Amino acid sequence: MRNKRNIPKIFLVLVLSSAVFGGCKETVKVEPEEEKEVKPLSMSETAVYTTAHHTDLKLAPTGTVSFEEFKQPLETEASILVNKDRLHQTFVGIGAALTDASAETFYKLEKDQQDLFMEAYYSIDKGIGYSLARTIIHSCDFSSGSYTYVEEGDAELNTFNIDHDRKFRLPFTKKAIEAAGGELLMYASPWSPPAFMKTNGNMLQGGKLKPEFYQSWANYYVKFIEAYEKEGIPIWGLSIQNEPMATQRWESCIYSAEEERDFLKNYLGPTLEKSGMGDKKVIVWDHNRDLLFERANVILSDPEANKYVWGTGFHWYEDWKDGTPMFKNVAGVNDAYPDKNLIFTEGCNEGYDIERLKNDDPKLAERYGKAMINDFNNGTVAWTDWNILLDETGGPNHVGNLCFSPVHGDTETGKLMFTRSYYYIGHFSKFIRPGAKRISTGTTANHLSSTSFLNTDGSVVVVAMNSSDKELDYMLSIDQKTAKLSMPAHAIQTIVLK
């Protein structure tokens with residue numbers, strides 16, 4: 001559930017940048033933890049990249065790593081231990097949602113800024129190498145207005161067309177695919193069925209899908225996939241419903257766990273199969289971590305529903321309750337259903353406030369760092385940010401639900417603003433490439449968190465974050481070798497070992 005606040009209409013112009021680097025390969029298969037021999041690292045090629053608040057460091061190269069014989073850390077010392085012989089889930093990718101709001105903002109930028117935007121997000125060498133994307137089935141709150149692809153009352157879907165998307169979202173999405181090298185793993189999510197299909201007769205304010213329209217709504221997904229793929233936009237997967245337990249003032253629709261299960265196994269799953277789309281990856285839940293285990297348990301415990309499910313999606317907004325993310329539920333689902341996948345499908349910092357950017361508030365970017373480290377360490381295979389781009393107001397949004405984005409575009413000046421969140425995400429997406437395997441990682445201090453991956457080229461990527469107010473000296477141990485490193489206060493580092 002995202003917050004809603006009004007925002008000031010002033011804009012902070014931050015430093016433009018297109019820092020970044022990488023490699024590439026796609027996979028969608030997740031394997032259980034396995035043991036096999038992994039070749040020792042030569043340690044001859046190492047690099048450290050750092051982003052730190054209240055400094056000029058933004059994905060900046062900050063030296064190399066020198067390893068010596070293994071040193072046992074004391075209780076008073078901060079340390080990271082990596083065991084690269086213990087392999088876990090296969091990494092699928094990192095990306096963001098290509099919403100109407102993002103597309104509309106993009107086309108208000110100057111041409112050189114449009115080119116910079118695409119390079120900064122999708123280039124592996126010059127940007128942060130996004131490889132995953134989420135798109136929307138008709139409108140959501142981050143659209144300039146509410147709309148569908150059919151005329152009201154057309155249950156047969158005879159009037160179905162995606163003409164609305166041709167002005168902004170389709171060309172924007174095609175540019176993103178091109179910038180990503182011609183391949184971008186894309187999944188789609190609906191926020192609400194058309195009003196006539198719902199119990200409240202409204203796309204907004206919750207309501208439920210009427211049983212008599214279950215088949216028509218299942219057909220709608222197929223129509224959407226067919227239309228987008230005809231435009232040259234392959235759809236890899238789809239979630240059944242965005243936030244199915246939230247009655248929002250924007251597009252929303254409520255499903256109990258049993259209703260989502262039955263819609264999938266009796267309508268959506270069979271309809272996809274009959275349409276030759278049985279290979280599409282179906283994602284259930286697509287809501288917060290708090291009810292993640294409950295929802296997954298109901299759906300995945302049913303064999304007829306389970307067979308259609310690729311994985312369970314989740315958001316991070318459950319911390320509105322007490323400020324504490326419920327990462328344990330991600331681990332719980334991973335333990336209970338190791339043959340299924342976990343994908344983070346949405347997260348953003350709510351309540352756009354320009355002062356927080358002016359003050360370089362560490363909490364904004366560190367929310368990303370903390371979530372990504374913990375979600376990956378608990379079995380998540382893919383991670384999707386919310387809007388990839390928003391304007392200087394935190395919109396456009398047709399219900400005033402304004403939020404932060406890693407990159408904002410000033411529609412008055414036509415210029416881009418890169419926030420620290422962009423760089424924090426880049427510490428993962430630029431260096432951890434699709435096909436990588438997560439490897440076991442442990443730390444000895446609460447203010448030091450870390451995750452590690454083994455790329456298909458044999459390189460090891462260690463991401464470490466210091467959330468404290470003080471500079472941190474720490475040790476990194478791998479392959480019976482130990483190195484000493486230092487990280488500024490409120491900073492994130494990526495260490496690449498080849």
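Note that the coordinates shown come from a computational prediction; the quantities given were computed from them, not determined experimentally.
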Participant: Please find the pair of heavy atoms, one from P406 and one from N387, that lie closest to each other, and give the distance.
Facilitator: CD-O, 3.9 Å
Participant: May I ask you to decide if L109's main-chain N or O and Q114's side chain share a donor-acceptor pair within less than 3.5 Å?
Facilitator: yes
Participant: Side chains of Y187 and T384 only: does a donor on one sit below 3.5 Å from an acceptor on the other?
Facilitator: yes
Participant: Are F91 and F376 an aromatic pair, judged by ring center distance below 6.0 Å?
Facilitator: yes
Participant: Using modelled atom types only, decide if a donor and an acceptor are shared between the side chain of N359 and the backbone of D361 within a distance under 3.5 Å.
Facilitator: no
Participant: Mind listing the closest non-hydrogen atom pair of G435 and T456 along with its distance?
Facilitator: O-CG2, 3.5 Å
Participant: In terms of heavy-atom contacts, does CD of E178 have more than 12 from other residues, nucleotides or ligands at under 6.0 Å?
Facilitator: no
Participant: Could you tell me which non-hydrogen atom of Q89 sits nearest to which non-hydrogen atom of G379, and how far apart they are?
Facilitator: NE2-C, 3.4 Å
Participant: Under a 3.5 Å distance rule, please check whether K340 uses its side chain to pair with a backbone N or O of V309 as donor and acceptor.
Facilitator: yes
Participant: Please determine whether the number of non-hydrogen atoms from other residues, nucleotides or ligands lying under 6.0 Å from atom NZ of K71 exceeds 12.
Facilitator: yes
Participant: Considering only residues two or more places apart or on different chains, which pairs with a residue in residues 468-498 satisfy ring-ring contact (aromatic ring centres under 6.0 Å, His included)?
Facilitator: none
Participant: So which atom in L485 and which in A483 form the shortest heavy-atom distance, rounded to 0.1 Å?
Facilitator: CD1-O, 3.9 Å
Participant: At their closest point, which heavy atom of I439 faces which heavy atom of N83, and how far apart are they?
Facilitator: CB-O, 3.9 Å
Participant: If we ignore hydrogens and angles and just use 3.5 Å, is the side chain of E104 paired with the main-chain N or O of G395 as donor and acceptor?
Facilitator: no
Participant: Given K108 and E392, is the salt bridge (Lys or Arg N to Asp or Glu O under 4.0 Å) satisfied, shown in steps?
Facilitator: CA-CA 11 Å; K108 293 177 182 178; E392 71 275 15; over 6 Å; no
Participant: Can we say K358 and E355 salt-bridge, meaning some charged N sits less than 4.0 Å from an Asp/Glu carboxylate O?
Facilitator: yes
Participant: Short question: side chain of R420, backbone of A52 - any donor-acceptor pair under 3.5 Å?
Facilitator: yes
Participant: Listed by chain and number, what are the ring pair (Phe, Tyr, Trp, His ring centres under 6.0 Å) partners of Y107, not counting sequence neighbours?
Facilitator: none
Participant: Between Y130 and Y121, how do the two ring planes meet: parallel, tilted or perpendicular, split at 30° and 60°?
Facilitator: tilted
Participant: For the atom pair CD1 (I162) and NE2 (H138), what is the distance rounded to the nearest 0.5 Å?
Facilitator: 13.5 Å
Participant: Apply the side chain to side chain donor-acceptor pair (under 3.5 Å) test between R134 and each candidate in D286, T99, D385; give the one that qualifies.
Facilitator: D286
Participant: In plain terms, say whether K481 and E69 are close enough for a salt bridge, that is, a side-chain N and a carboxylate O under 4.0 Å apart.
Facilitator: yes
Participant: Hey, is K484 close enough to E68 for a salt bridge, meaning N to O under 4.0 Å?
Facilitator: no
Participant: For the pair T443 (side chain) and L448 (backbone), establish whether a donor and an acceptor sit closer than 3.5 Å, ignoring hydrogens and angles.
Facilitator: yes
Participant: Taking the side chain as everything from C-beta on, heavy atoms only, tell me whether M372 gets closer than 4.5 Å to I94.
Facilitator: yes
Participant: Of all the heavy-atom pairs spanning D141 and E251, show the shortest one and how long it is.
Facilitator: N-OE1, 3.5 Å
Participant: Looking at K167, I'd like to know if its NZ atom is crowded, meaning that more than 12 non-hydrogen atoms belonging to other residues, nucleotides or ligands lie closer than 6.0 Å.
Facilitator: no
Participant: Quick check on ring-ring contact (aromatic ring centres under 6.0 Å, His included): which of F117, Y352, F106, Y422 does H408 satisfy it with?
Facilitator: Y352
Participant: Could you check whether atom CG of D163 has more than 12 heavy atoms from other residues, nucleotides or ligands sitting under 6.0 Å from it?
Facilitator: yes
Participant: Between atom OG1 of T64 and atom CD of E45, what is the distance when rounded to the nearest 0.5 Å?
Facilitator: 11.5 Å
Participant: Anything under 30° is parallel, anything over 60° is perpendicular, the rest tilted; go ahead and classify Y424 against H427.
Facilitator: perpendicular
Participant: Will you find, in the side chains of S79 and T444, an N or O donor that is under 3.5 Å from an N or O acceptor?
Facilitator: no
Participant: Which of these, T419, D353, L357, sits in a side chain to side chain contact (heavy atoms under 4.5 Å, CB included) with L364?
Facilitator: L357
Participant: Looking at G394, is its backbone amide N or carbonyl O close enough to the side chain of D391 to form a donor-acceptor pair, meaning the two atoms are under 3.5 Å apart?
Facilitator: yes
Participant: Report the relative orientation of the aromatic rings in Y368 and W316; use parallel for angles under 30°, tilted for 30 to 60°, perpendicular for over 60°.
Facilitator: perpendicular
Participant: Is any NZ, NE, NH1 or NH2 atom of the basic residue among D100 and R169 found under 4.0 Å from an Asp or Glu carboxylate oxygen of the other?
Facilitator: yes
Participant: Using the ring of each side chain (for Trp, its six-membered ring), is Y423 parallel, tilted or perpendicular to F418, with breaks at 30° and 60°?
Facilitator: tilted
